[in-house]
J.: 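Could you have a look at this structure, given as structure tokens, before my questions?
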Amino acid sequence: MQSFKCSAQDLVDFHGGEISRELFVNADIYREEQERVFARAWLYVGHATQVRNPGDFIVSKMGEESVILARDRAGEIHVFLNTCRHRGMKVCRYDEGNTKTFMCPYHGWSYGLDGKLIGVPDYQEAYKPAFDREEWRLVEVAQMAIFRGTIWATWDKSAPSFEEYLGEARFALDHALCPWDGGDGETEVLGSTQRWIIPSNWKIVAENFAGDALHVVSHRSVDLAGIGPSEGEGRRDDPGRLVVAAYPGGHGVMYGVRDATTVPNDYRGSRITAEYFRHCWKKRRARRGPTADIVPLVGTIFPNMSFHGQQPRTILVAHPLGVDRTEMWRIYFTDRGAPAEVKDFLRRYYVRYAGPAGMTEQDDMENWNYATAASRGVIARQYPYHYKAGLGAAKTSDLIPGIITDHPITTEQNPRVLYQRWAEYMDAGSWDHLLGKQSVIR
Amino acid sequence: MTLPPLSPARLAYLNLMREIEDFLHYEAELLDERRFEAWLELLTDDIHYWMPIRKNLAFEDRDHDITAAGDVAWIDDDKTTLSKRVRQILTGIHWAEEPLSRASHLVTNISLFNQATFLADPASAYEDGALLNIKCRFLVHRNRLETETDFLVGRREDTLRRVGGELRIAKRKIIIDQSVLLAKNLTIFI
């Protein structure tokens, strides 16, 4: 790391469980993060069901950058930087739509759905000799991958494949994103994206969803109010035994492990929904055997894609906007084949749970807001955050991949691993170096 | 100078409008005074309280820039969920509203959209189950703790229903003039 005149590792005491507050409030570190983390890591961009037909596009973000996710005439998916190669204007200022071209409003350059520069005003007359339009295509990501409908990309051509990037966290993402019956059917985005801005550092969001079992105390008010999908108790159905698992790539997941001797009886607030999920559980167990009951409740794929795998099922991306500003993008998803009444019931539950009006997420955001604010001062910065819960408790399991800490130990293992990996990104000059480093966490 | 004649129908209309305005002002007052349980009493048991999302769409799609019923919304509540929101605030440990926000609800441009019905038959506005379709604008100013300030501005489409002689809110659609929500949360009622 260059911005802070020290190694990022000096700010992250992985073995002692102490993390410097500079990570959350230092503007120089934030700037360097954009290059070291967001320009290199695999980032979540969108979902294939948002661009189902040729010509469909959505505008998304990769870190601070605006990007276009588009499906071309041949059905291929592309991710482009949303900026005209001529003089920088956004070539798309719509959230979504269907188009044949992206035409820049500034000087009229236009690009095809495959990114090719296809129109330049006065091309024949003004450019002598003519410039090669092929060299002035929209900037496209270096690599793109689709995993169970989710679309990921990286700007770094030397990054490993997405599967390698996930490592054993693939298990979690697969279980989180598959249809509930555990098969190979489609999930789909339930509708539009919620986007809102919070005054917090993005990493506080990422670590929360990576598996911070200790923060459940902050949700006491929603548990008392009772918004759950069964008899209106708590905020969700009993997720089972909690197991936290971390992955050397910086990913963290909190699993709920269900009792395999009974069929879960969730979503009892809607008879059809309850029946649908009981039916799915039976198929899921038949398909997936002993791993069927291991459900990722929440997780973060490094750096900033977080998900709820169950109750609600949603993807949240914490896009950095500044050292103390984050743009939250939340989509909700469900089984494509679920009955309409199930989707309707889930949608209402999801929206009262999460998002800016979500009775659970509201209290999280209050904590993230004022943790950021109260760490900003020169005195406050001298005192590291405390992540010592569960130090030394990590082990491995036959059923759940990763470094795990088992019930009943609550642990801050996953944030520790996330910040250790963050420090490695900040210090490492290349992907070769980064891949070699994972052994420290293991 | 002679005043224009005040027909019985016109008088009935003014009387009804005054009742509607008084009702909406009273509702705003209850929210600003944080009398949330009393506010719940103004809602019918089958209320749909809905705040869709606004999108940035091309001109030809401009009529679809408000998320439709069945799409994801900011808020899509029934009476049960609204009651739970109130219950959560009243726990005193709902950290996003503890301490409570300071809010002022300005409700303006109030108009009755199905007024022709009631001009033709003024008494029908007082029959049990009568539905009054209201459009208005809101400006909700929220400030909390030291510097947190939000301006929530937009349109509202309310359906009021006559229940036992009184007006009650049976539907509310809140159309905010923001796409990316600039407030960190929506813990106050609009």
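Just so you know, these numbers come straight off a predicted model, no measurement behind them. Each chain gets a letter, A, B and so on, in the order its sequence line appears, and its residues count up from 1.
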J.: Quick one: CG on B:L181 to CZ on A:R195, what's the gap to the nearest 0.5 Å?
T.: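 Answer for the CG-CZ pair, B:L181 versus A:R195, is 11.0 Å.
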J.: Would you give the length of the straight line joining atom OG1 of A:T193 to atom CD1 of B:I53, rounded to the nearest 0.5 angstrom?
T.: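 With rounding to 0.5 Å, OG1 (A:T193) is 7.5 Å from CD1 (B:I53).
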J.: Quick one: closest heavy-atom pair of B:R87 and A:L224, and the distance?
T.: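 That closest heavy-atom pairing would be NH1-O, 4.0 Å.
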J.: How about A:Y370 and B:L145: do any of their side-chain heavy atoms sit closer than 4.5 Å?
T.: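 Yes, side chains in contact.
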J.: Once you round to the nearest 0.5 Å, how far does CG of B:L182 lie from CH2 of A:W196?
T.: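 With rounding to 0.5 Å, CG (B:L182) is 13.5 Å from CH2 (A:W196).
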J.: Between atom CD1 of B:I66 and atom OG of A:S192, what is the distance when rounded to the nearest 0.5 Å?
T.: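 Interatomic distance, B:I66 CD1 to A:S192 OG, rounded to 0.5 Å: 12.0 Å.
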J.: Is the closest basic N to carboxylate O distance between B:R144 and A:E366 below 4.0 Å?
T.: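 So B:R144 pairs with A:E366 through a salt bridge.
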J.: With chain B, which of A:M365, A:E327, A:Q362 has the greatest number of heavy-atom pairs at distances under 4.5 Å?
T.: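 Highest number of heavy-atom pairs under 4.5 Å: A:Q362.
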J.: Side chains of A:S221 and B:Q88: do they bring a donor and an acceptor to under 3.5 Å?
T.: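 Distance-only check passes for A:S221 and B:Q88.
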J.: Within the structure provided, determine whether A:Q194 and B:V72 are in side-chain contact (heavy-atom separation under 4.5 Å).
T.: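 Result yes, sub-4.5 Å side-chain heavy-atom pair found.
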J.: Out of curiosity, B:D77 CG to A:I227 CD1, how far, rounded to the nearest 0.5 Å?
T.: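 The CG atom of B:D77 sits 10.0 Å away from the CD1 atom of A:I227.
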J.: Taking 4.0 angstrom as the limit, do A:D95 and B:K55 come out as a salt bridge?
T.: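 Judged by the 4.0 Å cut-off on N to carboxylate O distance, A:D95 and B:K55 do not form a salt bridge.
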J.: To the nearest 0.5 Å, what is the distance between CZ (A:R347) and CG (B:D71)?
T.: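 Answer rounded to 0.5 Å: 7.5 Å.
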J.: Are there more than 12 heavy atoms of other residues, nucleotides or ligands under 6.0 Å from atom CD of B:E33?
T.: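 Count over threshold, so yes.
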J.: I'd like to know if the side chain of A:R220 pairs up with that of B:T91 as donor and acceptor (distance under 3.5 Å, no hydrogens or angles considered).
T.: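 Side chains of A:R220 and B:T91: no pair found under 3.5 Å.
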